[in-house]
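To start, the structure itself, in structure tokens.
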Amino acid sequence: MMATHISVSVQEADFDVGIEIAALSAGRDDVGAVASFVGLVRADKLENIKLVNVKVDAQDTVDTVHAMTLEHYPGMTEKSLEAIVAEAATRWSFFGARVIHRVGRLLPGERIVFVAVASAHRGDAFAACEFIMDYLKTRAPFWKKEDTPAGGRWVDARDSDDSAAARWEE
Amino acid sequence: MMATHISVSVQEADFDVGIEIAALSAGRDDVGAVASFVGLVRADKLENIKLVNVKVDAQDTVDTVHAMTLEHYPGMTEKSLEAIVAEAATRWSFFGARVIHRVGRLLPGERIVFVAVASAHRGDAFAACEFIMDYLKTRAPFWKKEDTPAGGRWVDARDSDDSAAARWEE
Amino acid sequence: MSVKIYFFAGLREALGVSSETLALPTDVTSVAALRDHLAARGEPWSALASTRNLRVAVNQQMVGFDTALHAEDEVAFFPPVTGG
Amino acid sequence: MSVKIYFFAGLREALGVSSETLALPTDVTSVAALRDHLAARGEPWSALASTRNLRVAVNQQMVGFDTALHAEDEVAFFPPVTGG
């Protein structure tokens with residue numbers, strides 16, 4: 001049996017979703033399913049910041065463009081993502097998985113995370129992909145900072161995502 | 001509230017996964033999650049046919065290249081896929097969904113189906129995408145024919161996928 | 001009245017016909033009656049009786065065989081779908 | 001013995017330092033002792049005591065504060081992660 005192929009990148013650069021998905025089944029005829037996920041920066045996650053911008057006319061919409069900056073722990077972040085995928089591989093059967101997470105400054109609408117899992121069967125591919133995403137959103141060593149007109153503000157750890165990850169616990 | 005954007009295509013041509021996924025969030029900043037699925041033709045689904053090929057030497061591997069041909073009911077197939085997506089939209093919250101299904105002759109390793117769902121939240125995107133796939137694999141009007149050395153053979157409806165779809169029943 | 005009839009997959013191949021427009025005898029008012037009417041043509045039309053779990057759609061909606069037919073209906077007969 | 005220490009996110013900003021290599025006093029043999037040793041430097045190092053739910057990793061593994069330290073360990077202090 002072939003080993004599960006795991007590839008993890010943490011990078012500032014954007015990525016090509018089509019190329020990444022195609023790479024997981026390239027040159028093989030045993031992959032029946034590639035489940036994938038693209039996470040993007042949502043403007044409304046930063047909407048509380050909009051309140052401090054007094055909107056006078058259409059021109060002012062420029063002032064309500066927000067951004068976030070993502071910091072990580074180089075080395076540990078990659079390790080933790082690889083560990084998450086390896087744990088998924090003990091629960092579901094899949095050939096390969098690709099995880100890409102961006103760091104640095106990101107604007108609303110930009111891609112921030114990508115997870116794809118290639119398997120023979122769609123059930124395994126979907127479950128492993130969602131499992132990896134749930135853990136990634138809660139336990140991976142990333143810290144988010146929102147840009148505000150008054151400067152950066154670090155985001156507190158949330159509880160809602162923890163419950164998404166908790167449902168995988170035995 | 002904006003209506004859910006549903007786009008369904010049944011076509012012989014291949015499709016560009018990266019372009020399709022990007023289109024679901026293009027020009028907007030409220031999409032946080034795009035879950036997607038690519039289904040490919042698996043060689044081992046047709047492996048029983050290999051048995052009838054007597055393998056004499058390496059040259060004979062040419063004889064074990066199989067294919068399948070997919071037939072559909074033009075009009076009804078598109079309608080049924082749109083109905084599946086519309087039903088998903090009553091269960092989960094999402095902005096848009098894209099379904100592409102290929103018909104005609106397909107070789108192992110080729111893309112056959114694509115489903116992508118764009119939502120604010122990943123839970124909705126994953127669930128709707130998997131729901132659409134489960135129904136699509138069981139109830140959409142497609143008929144599969146395997147190429148065999150003795151000619152084409154229509155595939156019987158299976159039960160395993162029906163149980164995947166059945167879990168969504170109330 | 002006349003209806004448009006389609007056949008798909010193995011049934012289409014067995015019949016050698018993918019569609020036809022048919023003027024119905026006055027006593028053929030349901031899907032079941034249409035199936036029997038066609039099957040009574042003899043070979044290869046008896047495939048309509050021998051196809052396991054024959055399915056039917058009227059106007060692109062899956063229906064039961066007791067469904068009534070109306071002028072200009074689109075009727076399709078086919079084996080159970082195998083899905084995508 | 002000496003260890004390499006990293007600080008991340010809000011803690012890094014509060015301290016104005018992202019990493020340092022520190023020779024440990026002989027009585028600093030655990031993560032908790034290291035935290036207290038650093039916090040005792042006064043402002044801004046008291047942020048190590050005030051950071052809510054301060055987390056620590058040793059050699060890139062999340063650990064408890066009672067974890068023993070060894071020469072050349074990589075120790076990182078940071079607030080709870082917010083995830084990706």
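To find a chain, count down the sequence lines: A is the first, B the second, and so on, and within it residues start at 1.
- If you look at A:Trp154 and D:Phe8, their ring centroids are not closer than 6.0 Å.
- Salt bridge annotation for A:Glu20-A:Arg111: absent, with no cationic side-chain nitrogen under 4.0 angstrom from a carboxylate oxygen.
- Residues of residues 73-80 of chain D lying under 4.5 angstrom from chain A, judged on non-hydrogen atoms, are D:Glu74, D:Ala76, D:Phe78, D:Pro79, D:Pro80 by number.
- With a threshold of 4.5 angstrom between heavy atoms, D:Asn53 does not approach chain A through any atom at all.
- Legend: residues meeting side chain to side chain contact (heavy atoms under 4.5 Å, CB included) with D:Ala14, ordered by chain and number and at least two apart, are D:Ala47.
- Looking at D:Ala57, the atoms closer than 4.5 Å to chain A (heavy atoms on both sides) all sit in the side chain, from C-beta outward.
- A salt bridge does not link A:Arg153 with A:Asp147: every distance from a Lys NZ or Arg NE/NH1/NH2 to an Asp or Glu carboxylate oxygen is 4.0 Å or more.
- Taking the six-membered ring where the residue is Trp, the centroids of A:His101 and A:Phe142 are separated by under 6.0 Å.
- The aromatic ring centres of A:Trp143 and A:Tyr73 sit 6.0 Å or more apart.
- Salt bridge annotation for A:Asp156-D:Arg52: present, with a cationic side-chain nitrogen under 4.0 angstrom from a carboxylate oxygen.
- Residue D:Arg55 does not touch chain A at all, counting heavy-atom pairs closer than 4.5 Å.
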